[in-house]
Amino acid sequence: MTDSPLPIAVLISGSGSNLQALIDAEHAGHGYVIAVVISDRPGVRGLERAADAGIPAEVVVWTEFESRGSFSAALCDMADRHGAKGLVLAGFMRILAPNAIERFPNAIINVHPALLPAFPGAHAVENAIEYGVALTGVTVHFVDEQVDHGPIIVQEVVRVEADDDATSLHSRIQEVEHRLLPDAVSAFARGALTVQGRHVRWDQMPEEAIG
Ligand code: GRF
């Protein structure tokens with residue numbers, strides 16, 4: 001347990017509703033402070049949310065780099081420049097290179113709109129509907145070298161209704177994301193998470209969730 005809030009960088013690519021949840025929870029005293037928001041593209045709603053909250057915002061444009069490695073290194077340099085001790089991928093649609101995982105070991109957190117290891121990748125909600133599952137959900141996990149694969153911090157189930165389309169299901173999934181992600185980031189920031197291999201131990205687990 002640390003006394004001063006842990007500075008984190010939040011990485012986004014789009015609307016930033018999870019960023020907003022992190023901003024709102026930060027005001028509730030969750031043990032972290034958003035030192036910088038970094039987008040891989042300009043003009044997205046998430047950057048406006050950062051500006052509205054008075055949080056420094058930066059754009060590291062993916063297409064300006066020759067490789068995933070140099071892009072990832074630039075992102076980490078930017079996060080370092082703002083003093084970030086952890087990265088939160090909140091709807092960030094790029095895959096980080098191993099150099100980022102080496103620089104932030106067990107300190108990069110991702111939110112994924114399915115119950116991993118089911119439906120990894122960029123179309124998890126659509127894939128769950130197409131497959132016909134009755135239950136899907138949310139996974140918050142540490143990031144490792146493989147896509148949507150690292151140790152699971154917390155998961156929660158969302159039921160798929162017969163008349164769901166991707167929009168309606170994603171909307172209910174996001175309600176859960178907006179609660180689980182700040183809780184997980186808060187636990188990380190307070191030093192309440194211990195990683196042992198693929199397992200993440202919580203000092204205290206939120207009531208609704210299964211970790
Ligand atoms: C979230 O559903 C997240 O799980 C997925 O992308 C979406 C981002 O939404 N990776 P937002 O930008 O936080 O609104």
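When a ligand or atom number is given, it counts from 1 through the structure's own listing order. Starting from 1, each residue takes its place in the sequence as its number.
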- Residues in the immediate environment of ligand 1 (any heavy atom closer than 4.0 angstrom): S15, G16, S17, N18, G91, V111, H112, P113, H170, Q174, E177
- Task: Decide, yes or no, whether a salt bridge links R172 with D164 under the criterion of side-chain N to carboxylate O below 4.0 Å.
- Result: yes
- Is E58 salt-bridged to R81, cutoff N-O under 4.0 Å? no
- Item | Geometric class of the F92/F71 ring pair [parallel <30°, tilted 30-60°, perpendicular >60°] | parallel
- Task: Before accepting this row, confirm whether a basic side-chain N of the pair R49/D24 lies closer than 4.0 Å to the acidic partner's carboxylate O.
- Result: no
- Hey, does the side chain of T136 reach the backbone of A128 with a donor-acceptor pair shorter than 3.5 angstrom? no
- Message: Closer than 3.5 angstrom, by distance alone: can the side chain of R201 be matched with the main-chain N or O of V195 as a donor-acceptor pair?
- Response: no
